[in-house]
Amino acid sequence: MTATLPSLTNLPTQYDPTTTEAKWQQVWESHEVFKADPDHPGEPYCIVIPPPNVTGSLHMGHAFEHALIDTLVRYHRMVGRNTLWLPGTDHASIAVSTLLDRELSSQGQRREDVGRDAYLERAWQWKQESGGKIVGQLRRLGLSVDWSRERFTMDPGLTQAVMTAFVSLYEEGLIYRGNYMVNWCPASQSAVSDLEVESREVEGNLWHFRYPLTSGKGYVEVATTRPETMLGDTAVAVNPNDDRYQHLIGQTVLLPIMEREIPIIADEYVDASFGTGCVKVTPAHDPNDFEMGKRHDLPFINILNKDGTLNENGGPFVSLDRFVARKQVVKRLEEEGFLVKVEPYKHTVPYSDRGKVPVEPLLSTQWFVRIRPLAERALACLDEQNSPEFVPERWTKVYRDWLVNLRDWCISRQLWWGHQIPAWYAISETGGELTEDTPFVVAHTAEEAQAKAIAQFGASVQLEQDPDVLDTWFSSGLWPFSTLGWPAKTQDFETYYPTTTLVTGFDIIFFWVARMTMMAGHFTGQMPFKTVYIHGLVRDENNKKMSKSANNGIDPLVLINKYGTDALRFTLVREVAGAGQDIRLEYDRKTDESASVEASRNFTNKLWNASRFVLMNLDGKTPAQLGTPRPVDLELSDRWLLSRYHQVVQRSREAIDQHSIGEAAKGLYEFIWGDFCDWYIELVKSRLQGEDARSRRTAQQVLAQVLEGTLKLLHPFMPHITEEIWQTLVQAENQQYLALQAYPTPDLALIDPQLEQAFVLITDTIRTLRNLRSEAEIKPGLRIAAVLQSEDDRERNILNAGRPYIQDLAKIASLTIARDFAPTTTDVGDVAIAAPTPPSIVTAPAVASPSSPPATATASAANTDIFLPFVLLLPFLLLVAFALAGIVAIVRLLISLATGTPIAIGWPQPSTGRTTVTAPAPLPPDIVPYPAQNIAGVTGTVQVLIPLAAVVDVDALRAKLSKTLSKVEADIATLTQRLNNASYVQKAPAAVVQSTRDSLAEAEKQAEILRERLQRLENS
RNA sequence: GGGCGAUUAGCUCAGCGGUAGAGCGCCUGCCUUACAAGCAGGAUGUCACUAGUUCGAUCCUAGUAUCGCCCACCA
């Protein structure tokens, strides 16, 4: 047994998440509880983890995302699906390279100094040592992943998949190599993809230059934000329709400094209305100019080295850094009179995502994926089958628009850590050097490449593998199927592919989701997942995006250590009701406290203590040993709780099925804290302590049954605490886990809205009584008398059925339920002393329960504080009442008493149950005298009175009644107005109109009661 | 320049055509034998603004404002 059954009396009153969570994480993993089995019955349910970077450490985004995924996965596992959640990590080429390069440079070295092999050795060593950090931290989240299937993007199997994909795409002409303009990051000295570039708005300048016409007849004026690029200008362009410059087209200008004669060309790209309408053209350093250069067959002059310094084409500025050169170019142009003006100019500059420096558009030879065919296929799946389906739906458009505009993908990176490109160059064909024109072969392995090359170039061929590695996202794009064994047709792949749901953030739709759908569409012929659940970001306490650079991250481990994993997870998940919305996490950086996580922690504690209470009252029996309660034994509160329970079962399942995970979490919170703890547990206490063995047993059965079901319902959200309690509750044998139990199924026959509605009358009455007590400052422990009056038979029946509950929870010693008050007010004060001995039948309900001491005892206890003559007077008053009441009432009472027939109540019973009410009370007297001194409230059409010796504060009471009355009168006005509206009555649904009529009737009754109350107050 | 989201109690957020909800915070009273990480009671809102649709709008439509995000090659 994993959870020893603790001595119940010694269970701590505070739940300790730390040891409990560590214990279950260890047990689940070591017992391989979440190991998937392709032969398991049930429809497969598979999620692959969005692989975190090996460089990473756990941040709040991970915690949030994994909390969501784990909730889904655990739920579906319990629902009976054949479930696999596959974990793993991503090699993060650029991030790791940056890290290692920095380490090297701190030792005064560059990666070239140590060499590729040694560098990679360090990288792997680093991966072994610190790469596991994130995985260890993930374990603290208690995820139900299958660790036996953990993958890393550079595992042999996944590398095999990458090679297969590359070679196949190459052979199909979907990968090509060529000299094109790429985004060059001078910091990492590598090409980066369009996606790895972010635009930043900067306060820059716009420099205006004059380029003299070669003809000597004047100048053209151009403007630029990057003056140094003028060194590589090879043309000036104007719009072909720009009348101002028609005569210049075809002429030339003399490029200052470089003294190069360059043509004036006409190109549609130029916007005649912007600036002077003349544009300098630098085909090697600007994407638009590159296109113009191609259109007009201009020379491409590269002026930059890989590190961002100027090369030999930079003329006098060779080897200067690009930004130093910029200043000097401007200075020189100014000196030579070519600078027209400088104006401040706000514009966007592309920055490298990783390197955090401006990228340079640079011509270089790179590998590209021809993206259109792949994108078109993904688009077809989306348009024809809405696949994948995005939740929330609005992301579909974002995804779609991106695919439509997608351009070829540069996949080569001038780095060493990653999948080295499987292309081998026949350097022997180009004098032993690797040049742009060196012929090459593409192959899965070096051996295969050798064979291919020999066939092509002869036995003496010398090969050299392409030094570059692939963009990390190339391998990530294969993740949903490479992790399942592709390209091999493994059983895992056959069973779990395509996966079910991908859960990720919107920031990753382009990077990852689209790459996966494109790759999967091409290689597997289907979309890799059925749905994509897009969640929002976790923002900090100031609603700022958490980021490393802002240093505003909130460490999940700090909160886990303080409040527990379950509390943190529940907080994150319950916040997410509006799916896809960002969530804000409350946090105090001085104390590392979070009010919202604390609230969830308090909830775990509430569950813990409620469970303690149940366990302490089951006589050491398990739910199974106690068995299911017999329907005939179920009391009103039992049936109410079961109705509430089955409703929450139904709602939880529906909510999770619709990805409304937050709503499910909140529903469970309310059920557990509100229905189960605040009401049901309080209601059964007297039964558990009482002498009615059958009632006690039934209460135990219901408690046990509902607690166990609730633990199952809550388990996907709070896996540790529920497992811990459940193990104890059921005294689980070895290898039995809550995580593997069946998720509850609602029994719709037990959901009884009418019964719940009736119960609300009882709870509202209790609330009203408590309210009155509180306002009259009656001591909380004091048991008092109270009168409930309603003309409605049904209401009185309900109240009578709920009599023990009302007496227990509102601490009422003697409760009178009356149809009406006697027409005369009696001054009861003096008569009280002379009251005769009470007939025993009347006080029976109060005496029945040990928790309700006899009225006389209460009254004597009350004497010290508030004199309660009414209690003593009751018998006498009742005699008066009998006299005043009609014969009918007496007859009814006598019949009821004589036959012992239970009083039927006015709502339908479950088909299985007998129509009984267990409340032992006799039929209440119909008419009672009106207590002269009292405080009163109203709920529904029930008048609630507490007789007092003296009303403490008449003014306060009057004010309160007046306030309530005016509120009710306002309601009456609105409702009347609505009902007087003919088109409303005509057009609105009948049920709505009826409920309006009911509301009006009730409001009018309330008003009547309140007016009468006020009237009596004035008279007293 | 396009597109998206948000705007509801002091704070964090649910809700959604039929008389406004929760948690936290606040006020009052309680160590009531599961829980003070708790219990009971209480106060609090022009549902951003303006028009429209509707018998009826916090909810639907169209604008406006503020905040935030994404995308975009105007030198």
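Protein chains get the first letters and strands the later ones, always in sequence-line order, with residue 1 at the start of each. Remember, it's a predicted structure, so these values are computed and weren't measured experimentally.
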Can you tell which of [options] lies closest to the side chain of [X]?
X: A:Lys397; options: B:rG23, B:rU19, B:rG3; result: B:rG3
X: A:Arg394; options: B:rA34, B:rA75, B:rG5; result: B:rG5
X: A:Thr13; options: B:rG41, B:rA36, B:rA37; result: B:rA36
X: A:Asp678; options: B:rC39, B:rA37, B:rA75; result: B:rC39
X: A:Gln581; options: B:rU19, B:rG29, B:rG5; result: B:rG5
X: A:Lys545; options: B:rC70, B:rG18, B:rA37; result: B:rC70
X: A:Tyr345; options: B:rA75, B:rU12, B:rA34; result: B:rA75
X: A:Pro780; options: B:rA34, B:rC71, B:rG29; result: B:rG29
X: A:Leu975; options: B:rU19, B:rC13, B:rC69; result: B:rU19
X: A:Trp673; options: B:rG41, B:rC39, B:rA75; result: B:rC39

hbond_proxy [X] side chain to [N] base (donor-acceptor, 3.5 Å cutoff):
X: A:Glu598; N: B:rA37; answer: no
X: A:Arg770; N: B:rA40; answer: no
X: A:Asn288; N: B:rC73; answer: yes

Whether A:Glu198 and A:Arg200 form a salt bridge (side-chain N of Lys/Arg under 4.0 Å from carboxylate O of Asp/Glu) is what I want to check.
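Salt bridge: yes.
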Go nucleotide by nucleotide along RNA chain B from the 5' end; which of A:Phe506 and A:Thr276 gets its closest nucleotide reached first?
A:Phe506
So, is A:Arg584 near the phosphate of B:rU12, with a side-chain N or O under 4.0 Å from OP1 or OP2?
yes
So with a 6.0 Å cut-off around CZ of A:Arg539, is the heavy-atom count from everything else above 12?
yes
Specify whether A:Trp608 and A:Tyr15 have parallel, tilted or perpendicular ring planes, treating 30° as the upper limit for parallel and 60° as the lower limit for perpendicular.
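Ring orientation, 0 to 90° scale: tilted.
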Once you measure the plane-to-plane angle for A:Tyr669 and A:Trp673, does it fall in the parallel (<30°), tilted (30-60°) or perpendicular (>60°) bin?
tilted
With both distances under 3.5 angstrom, what nucleotide forms a Watson-Crick or G-U wobble pair with [N]?
N: B:rA40; value: B:rU28
N: B:rC11; value: B:rG23
N: B:rA34; value: none

Need one value for A:Lys811: base, sugar-phosphate or nothing, where a base atom within 4.0 Å counts as base even if backbone is also close, heavy atoms only.
nothing
With a non-hydrogen cut-off below 4.0 angstrom, is A:Val270 in contact with a base, only sugar-phosphate, or nothing?
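Base: the residue A:Val270, judged by heavy atoms under 4.0 Å, touches a nucleobase.
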